[in-house]
Amino acid sequence: QVHLVESGGGLVQAGDSLRLSCAASGCTSTTYTMGWFRQAPGKEREFVASITWTGGITNYGDSVKGRFTISRDSAKNTLYLQMNSLKPEDTAVYYCAGRFGLVLTLSKGEISYWGQGTQVTVSS
């Protein structure tokens with residue numbers, strides 16, 4: 001059973017940076033894709049970024065391109081999301097997610113595993 005645990009959320013001001021981490025355990029394969037989604041109050045869960053565990057191919061949602069960077073540390077089985085130039089509209093619960101297979105992007109309907117989420121709040 002794969003287990004994902006996020007950390008690093010918090011309250012920051014507009015323009016600040018924050019780094020989220022997601023520690024993965026229980027996965028014995030490297031043929032999977034991981035990423036981040038976010039969900040603001042009253043809104044649908046939205047794709048943020050993804051990365052293939054093998055090859056490190058990345059993809060980003062339009063609203064975060066150029067500001068967020070996804071990366072992974074295979075030795076630590078940890079996924080990261082570096083968020084720069086944060087805006088109030090980035091406020092949401094951020095979820096780590098994963099699915100088996102190497103895909104160029106993640107769809108929430110195809111996710112095999114979700115983390116519990118971490119709150120990011122950006123004040124203006």
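Scope of the values below: all heavy atoms of this structure, side chains included, with no hydrogens, waters or symmetry mates. Just so it is clear, the structure is predicted and the values come from calculations on it, not from any experiment.
- In summary, the aromatic rings of W114 and F37 are positioned with their centroids under 6.0 Å apart.
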Could you check S50 against N59 for side chain to side chain donor-acceptor pair (under 3.5 Å), going step by step and ending with a plain yes or no? CA-CA 5 Å; S50 64; N59 190 30; 4.6 Å; no
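- Ring to ring, Y32 and W53 are close: their centroids are under 6.0 angstrom apart.
- Side chains of Y60 and V48 form no contact here, defined as non-hydrogen atoms less than 4.5 Å apart.
- A donor-acceptor pair under 3.5 Å is formed between the side chain of T78 and the backbone N or O of K76.
- Donor-acceptor pairing under 3.5 Å is lacking for the side chains of R19 and T69.
- The structure places OG of S7 at 9.0 Å from OH of Y80, a figure rounded to the nearest 0.5 Å.
- A pairwise comparison of heavy atoms in Y95 and G115 identifies CD2-O, 3.7 Å as the closest pair.
- Between E110 and L106, the closest side-chain pair of non-hydrogen atoms is not below 4.5 Å.
- You'll find the side chain of W36 reaches within 4.5 Å of the side chain of C96, heavy atoms only.
- In the hydrophobic cluster analysis, where Ile, Leu, Val, Met, Phe, Trp and Tyr join through side-chain heavy atoms closer than 4.5 angstrom, I111 is grouped apart from V2.
- In this structure, the separation between CG on D16 and OG on S123 is 8.0 Å, given to the nearest 0.5 Å.
- With hydrophobic clusters built from ILVMFWY side chains whose heavy atoms lie under 4.5 angstrom apart, V12 shares a cluster with L20.
- Among all heavy-atom pairs drawn from P88 and S124, the shortest one is CG-CB, 3.8 Å.
- Taking all atoms of both residues into account, the shortest heavy-atom contact from S85 to R67 is O-NH1, 3.0 Å.
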Between K108 and E46, is a salt bridge (Lys or Arg N to Asp or Glu O under 4.0 Å) present by the stated rule, with each step listed? CA-CA 8 Å; K108 59 185 178 185; E46 173 191 25; over 6 Å; no
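- What you find for G117 and E6 is that their closest heavy atoms are N-OE1, 2.9 Å.
- A salt bridge does not link D90 to K87: none of the charged side-chain nitrogens sits closer than 4.0 Å to a carboxylate oxygen.
- Separating the OG atom in S25 from the CG atom in N77 is a distance of 8.0 Å, to the nearest 0.5 Å.
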Derivation and outcome, side-chain contact (heavy atoms from CB on, under 4.5 Å), residues Q82 and S71: CA-CA 8 Å; Q82 178 66 43; S71 62; over 6 Å; no
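- Taking hydrophobic clusters as Ile, Leu, Val, Met, Phe, Trp and Tyr residues chained together by side-chain heavy-atom distances below 4.5 Å, L4 shares a cluster with L81.
- Shortest non-hydrogen contact noted between R72 and T52 is NE-O, 3.8 Å.
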Quick one, M83 with S17, criterion side-chain contact (heavy atoms from CB on, under 4.5 Å). Give me CA distance, side-chain angles, the key distance, then yes/no. CA-CA 5 Å; M83 305 184 293; S17 297; over 6 Å; no
side-chain contact (heavy atoms from CB on, under 4.5 Å) between F100 and T33: does it pass, once the steps are laid out? CA-CA 6 Å; F100 291 103; T33 303; over 6 Å; no
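- Of the inter-residue distances, the one linking F68 atom CZ with Y94 atom OH reads 4.0 Å to the nearest 0.5 angstrom.
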From CA spacing to verdict: side-chain contact (heavy atoms from CB on, under 4.5 Å), R38, V93: CA-CA 5 Å; R38 67 185 183 185; V93 177; over 6 Å; no
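- G10 and L18 get closest at one heavy-atom pair: N-CD2, 3.9 Å.
- The main-chain N or O of V122 is found under 3.5 Å from a side-chain atom of T91 such that the two form a donor-acceptor pair.
- Counting only N and O atoms by type, the side chains of T121 and Q119 include a donor and acceptor under 3.5 Å apart.
- For the pairing with I57, the side chain to side chain contact (heavy atoms under 4.5 Å, CB included) check across L104, I51, T105 returns one residue only, L104.
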